[in-house]
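Here is the structure we will look at.
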Amino acid sequence: MDYKDLANLIFPEAKDISYYEEKYPERNLKEGAIVTRIAPSPTGFIHIGGLYQGLIAKKLAKQTEGVFFIRIEDTDQKRLIENGITEIIESMDKFGMNPDEGMINETESKGAYGPYRQSLRKEIYQAYAKYLIEQGKAYPCFCTPEELDSIRQKQEQAKIRPGYYGVWAKCRNLTVEEMAEKIKAGENYIIRFKSPGREDRKIKHHDLIKGNVDFPENDQDIVIIKGDGLPTYHFAHVVDDHLMRTTHVIRGDEWLSSVPLHLQLFHEMGFKPPKYAHIAPIMKNDNGNKRKLSKRKDPEAAVSYYVEMGIPKEAVTEYLLNIANSNFENWRRANKDASIDDFKLEISKMSVSGALFDMVKLLDVGKTVISKFTAEEVYEMAVEWAKEYDKNLADTLENNKEYALKVFGIERGNKKPRKDIAKWSDVRENISYMYDEMFDSQKQNYDYQVINDKEEINKILNLYINEYYDENDDKQTWFDKIKELSGRLGYAKEVKEFKENPDKYKAHVGDVSTVLRVALTARTNTPDMYEIMQILGKDRIKARFEKAIGI
RNA sequence: GGCCCCGUGGUCAAGAGGUUAAGACAUCGCCCUUUCACGGCGGAGACAUGGGUUCGAUUCCCGUCGGGGUCACCA
């Protein structure tokens with residue numbers, strides 16, 4: 001009985017690894033092309049951090065004419081959720097992150113390096129595990145969870161490093177005959193890697209983001225094949241990224257401390273390891289403590305949150321890019337209309353430590369992004385969002401597209417566009433006073449600020465609509481008339497004049513304007529009143545004034 | 001606790017052995033012949049700390065403190 005016999009006893013059906021090595025050859029890409037991937041577990045919605053990693057990975061691949069693929073890591077059968085894969089793919093799609101290869105829905109995939117779903121790769125992992133067993137580099141372990149527990153307790157009591165290694169690795173020293181006997185007797189077992197490492201030796205690792213890092217060698221005999229026959233993350237990572245010919249592994253920095261293990265596995269398997277880039281997580285300030293954005297506690301951890309809020313994907317992408325490379329902002333200022341694809345991401349410029357998530361800044365990016373859209377684009381995107389989250393708004397907009405375009409066109413398209421919409425969920429509040437049905441269905445609160453006398457307000461409104469307002473006036477004439485009205489009623493025509501001689505006047509032209517604005521829209525802050533009046537038209541202006549006076 | 005990583009304004013962050021220590025968001029003030037938004041100008045605001053090396057350290061080294069990660073048949 002030798003290792004080979006043992007391997008055959010454990011995995012009688014497994015193919016020789018040469019089969020897979022031939023089936024998945026080196027990729028034929030141009031020099032310097034980067035192959036990256038995103039490898040989520042279908043355990044629920046995509047995390048903003050996952051989107052961030054995917055964005056970096058995809059950009060690196062794109063920039064070098066490489067390949068970006070998606071691999072579903074579903075080896076933990078206990079944590080799977082229904083339609084988990086679809087949900088991931090759909091939310092990636094919403095942010096413009098379509099992979100070149102990988103799963104395209106719950107069961108189908110594209111690309112020549114599949115399957116792209118780990119649970120479908122069981123026989124591949126077993127072939128490679130068998131390969132290790134044949135060489136005496138892996139072995140079956142019969143320890144029960146209870147035994148492992150008691151080992152750990154002993155170690156903790158003795159204050160020594162916990163784990164399955166050295167003298168604690170009971171099963172590694174079993175003879176091949178003993179192992180075979182136990183297997184034949186039907187004992188349960190898993191497969192462990194037989195680590196050649198020593199804890200008192202150091203290894204050097206150069207991480208693309210973290211730089212040079214020294215670690216003790218790995219000496220843990222970690223599990224590679226679990227009781228259900230599926231691999232652990234560590235083993236799957238090594239086999240998959242080798243076979244899928246990944247050149248750069250972009251992942252969260254919670255994996256950094258596993259690097260010694262992974263490098264060792266690559267080495268013992270005889271594979272060339274990929275380059276690693278360990279990305280710092282996006283953090284949140286929680287009562288003065290920094291912590292990772294948490295799926296459970298923070299709604300903004302889920303990418304679906306941004307979709308629901310109607311924060312455009314361009315804004316999320318730009319914000320994330322800014323966290324990745326802080327020179328992005330400068331680039332954006334210098335290239336206002338360039339596509340994000342033209343920005344060259346440099347992985348070496350990524351921050352080593354995690355950034356605090358800043359919603360205020362994200363929304364600011366959102367404002368800027370939306371301000372650059374045309375009225376038509378704003379209309380399309382607002383409608384698309386509203387169809388899902390504000391049906392009534394969607395109907396209103398679609399009922400009269402031409403009108404909606406006018407409304408969205410106010411102060412848009414010029415050099416200093418308005419920046420009043422940061423997300424699509426702002427739209428309703430922003431335009432409701434331009435729609436009579438919305439305006440009339442809400443209880444409006446008229447606060448005229450300085451001029452408060454009801455008689456006086458009536459007088460201003462009546463005089464204005466009957467004697468002054470003319471739809472055909474240009475903006476200058478329109479405003480001159482408001483000044484004229486102001487002067488006639490004893491208000492200063494110029495604000496400055498009023499400030500110099502406050503006793504000479506009742507108030508000033510700004511206060512009169514405010515009366516008109518409030519009567520018209522029931523709010524003190526609006527975009528350009530001239531444009532609003534132009535769109536509303538004289539009859540509706542009059543109706544608004546009457547409504548205001550009637551209250 | 002062991003191991004590893006990190007520490008520049010409120011936040012994201014440039015930066016170099018000698019700088020008036022950038023910029024963006026936020027904040028405050030002024031201006032932009034009516035509000036808001038935009039824009040312009042200006043203000044306030046930072047190198048965690050103690051030692052060393054050095055003519056000189058925020059920058060290099062060590063300690064301390066603080067923060068984060070990791071130590072599963074989860075990824």
Side-chain angles (χ1 to χ4, degrees), chain A residues 39-41 43 73-76 78-79 118 141 143 145 148 152 156 159-164 188-192 199 205 207 210-211 213-216 220 222-228 230-234 236-237 251-260 278 280-281 283 285 288-292 319 322-323 325-330 332-333 349 351-358 360-365 367-368 371 411 414-421 449 479 482-483 486 493-497 508-518 521 523-530:
Chain A
S41 300
T43 55
E73 311 228 318
D74 60 345
T75 55
D76 187 357
K78 297 183 290 291
R79 298 203 306 169
Q118 291 181 328
C141 167
C143 293
L148 293 174
R152 177 167 308 109
E156 272 168 19
K159 294 201 165 147
I160 53 177
R161 203 159 46 90
Y164 205 80
N188 289 328
Y189 62 94
I190 47 87
I191 309 295
R192 281 183 189 274
E199 205 254 350
H205 162 63
D207 194 85
K210 303 283 178 180
V213 191
D214 291 356
F215 285 105
Q220 300 276 343
I222 56 112
V223 175
I224 57 174
I225 301 288
K226 302 184 286 189
D228 59 5
L230 287 169
T232 54
Y233 170 87
H234 307 294
H237 154 53
R251 57 171 24 168
D253 69 2
E254 69 270 22
W255 293 109
L256 187 62
S257 56
S258 299
V259 163
H278 287 96
M283 316 285 281
N285 187 323
N289 289 327
K290 259 186 168 184
R291 51 152 243 258
K292 264 165 97 166
Y319 175 68
N322 189 240
I323 289 184
N325 275 188
S326 65
N327 57 316
F328 174 79
E329 270 181 333
N330 291 331
R332 179 42 96 203
R333 248 197 308 284
K349 284 189 177 162
S351 176
V352 188
S353 52
L356 239 34
F357 180 80
D358 187 348
V360 175
K361 176 109 184 181
L362 204 209
L363 258 17
D364 181 73
V365 175
K367 276 198 291 193
T368 307
S371 78
E411 290 184 71
N414 47 20
K415 276 210 181 65
K416 295 180 186 175
R418 285 192 68 74
K419 292 191 174 178
D420 49 356
I421 304 176
Q449 310 269 303
F479 192 52
I482 295 179
K483 285 188 186 178
S486 301
K493 286 182 174 181
E494 307 290 340
V495 179
K496 270 184 194 152
E497 233 173 85
H508 59 75
V509 64
D511 300 317
V512 175
S513 292
T514 298
V515 169
L516 298 176
R517 187 188 309 278
V518 171
T521 65
R523 53 211 82 197
T524 50
N525 308 331
T526 73
D528 184 59
M529 189 156 57
Y530 174 73

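Every value quoted in this text rests on a predicted model; they were computed, and no experiment measured them. So you know, we letter chains A, B, ... as the sequences are listed, proteins then strands, and number each from 1. These values consider heavy atoms only, across backbone and side chains, with no hydrogens, waters or symmetry-generated copies.
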Remember a base hit wins even if backbone is also touched, and classify A:Arg152 as base, sugar-phosphate or nothing at under 4.0 Å, heavy atoms.
-> sugar-phosphate
Options B:C12, B:C3, B:A37, nucleotide nearest the side-chain atoms of A:Pro216 = B:C3
Pick the P atom in B:G9 and in B:C62, then give their distance to the nearest Å.
-> 23 Å
Classify the nucleic acid contact of A:Ser353 as base, sugar-phosphate or nothing, counting any heavy atom under 4.0 Å across all strands shown.
-> sugar-phosphate
Does the side chain of A:His508 come within less than 4.5 Å of A:Lys496's, by heavy atoms?
-> no
Does any non-hydrogen side-chain atom of A:Tyr233 lie less than 4.5 Å from one of A:Ser258?
-> no
Selected nucleotide, minimal atom distance to A:Phe479 side chain, candidates B:U34, B:A37, B:C6 = B:U34
Is any side-chain heavy atom of A:Lys290 less than 4.5 Å from a side-chain heavy atom of A:Leu356?
-> yes
So, do A:Val259 and A:His278 sit near enough that their side-chain heavy atoms are less than 4.5 Å apart?
-> yes
4.5 Å side-chain heavy-atom contact, A:Asn322 and A:Arg332 = no
RNA chain B nearest-nucleotide lookup for A:Arg418 and A:Ala355: closer to the 5′ end is A:Ala355
Expected rows: protein N/O vs nucleotides 62-67 of chain B N/O, under 3.5 Å:
none

Does A:Thr524 reach the side chain of A:Val518, with side-chain heavy atoms less than 4.5 Å apart?
-> yes
State whether the side chain of A:Ser371 and the backbone N or O of A:Arg418 hold a donor-acceptor pair below 3.5 Å, judged by distance alone.
-> no
B:U27 and B:G67, which share atom name C1', separated by this distance in whole Å | 26 Å
Which one, B:A26, B:U35, B:A75, comes nearest to the side chain of A:Thr526?
-> B:U35
For A:Arg333 and B:G23, give me the distance from atom CZ to atom C1', rounded to whole Å.
-> 6 Å
Please work out if A:Thr43 contacts a base, only the sugar-phosphate, or nothing of the nucleic acid, heavy-atom cut-off 4.0 Å.
-> nothing
Ranking B:C73, B:A75, B:U11 by distance to the side chain of A:Asp358, first place goes to B:U11
Between CG of A:Leu230 and CD of A:Gln118, what distance do you get to the nearest 0.5 Å?
-> 9.0 Å
Would you please determine if the base of B:C3 is stacked by A:Phe215, with stacking meaning a centroid separation under 5.5 angstrom and planes under 30 degrees?
-> no
In whole angstroms, how far is the P atom of B:A37 from the CD1 atom of A:Ile421?
-> 15 Å
Nucleotide B:C6, atom P - distance to CG of A:Asp214 in whole Å | 11 Å
From B:C73, B:A13, B:U34, pick the nucleotide closest to the side chain of A:Val223?
-> B:C73
Residue list, side-chain contact (heavy atoms from CB on, under 4.5 Å) with A:Lys292, at least two apart or on another chain | A:Glu254, A:Pro281, A:Met283
Could you tell me whether A:Val518 contacts a base, only the sugar-phosphate backbone, or nothing, with contacts defined as non-hydrogen atoms closer than 4.0 Å?
-> nothing
How many angstroms lie between OG in A:Ser486 and CZ in A:Phe479, if you round to the nearest 0.5 Å?
-> 7.5 Å
Hey, does A:Glu411 reach any base, or is it just sugar-phosphate, or nothing, if we go heavy atoms under 4.0 Å?
-> base
Out of B:C4, B:A14, B:A75, whichever nucleotide has its closest atom nearest the side chain of A:Val213 | B:C4
Ranking B:A75, B:A24, B:C4 by distance to the side chain of A:Arg79, first place goes to B:A75
So what does A:Ser258 hit on the nucleic acid, given a heavy-atom distance under 4.0 Å: a base, only sugar-phosphate, or nothing?
-> nothing
Determine the Euclidean distance between corresponding P atoms of B:U54 and B:U59; express it in Å to zero decimal places.
-> 16 Å
Writing each nucleotide of RNA chain B 5' to 3' as (, ), [, ], | or . by Watson-Crick or G-U pairing under 3.5 Å yields (((((((..(((.....[....))).(((((.......)))))....(((((..]....))))))))))))....
Rounded C1' spacing from B:G17 to B:C55 in Å | 12 Å
Among the nucleotides B:A37, B:U34, B:G23, whichever has the atom closest to the side chain of A:Asn330 is B:G23
Under 3.5 Å, is there a donor-acceptor pair between the side chain of A:Lys210 and the main chain of A:Val352?
-> yes
For atom CD1 of A:Ile225 and atom P of B:C73, their distance in whole Å | 14 Å
Between B:G68 atom P and A:Leu356 atom CG, what is the distance in whole Å?
-> 11 Å
Given B:C25, B:C38, B:C71, which nucleotide is nearest the side-chain atoms of A:Lys367?
-> B:C38
Could you give the NZ-to-C1' distance, from A:Lys292 to B:C6, as a whole number of Å?
-> 15 Å
Looking only at atom P, what distance separates B:G69 and B:G63, rounded to whole Å?
-> 23 Å
Out of B:C32, B:A24, B:C25, whichever nucleotide has its closest atom nearest the side chain of A:Glu329 | B:A24
First encountered from the 5' end of RNA chain B, between A:Val509 and A:Ile190 | A:Val509
d(CD, A:Gln118; P, B:C73) in whole Å | 17 Å
Gap between atoms NZ and C1', on A:Lys361 and B:A26 respectively (whole Å) | 10 Å
What does A:Lys415 touch in the nucleic acid at a heavy-atom separation under 4.0 angstrom: a base, only the sugar-phosphate, or nothing?
-> nothing
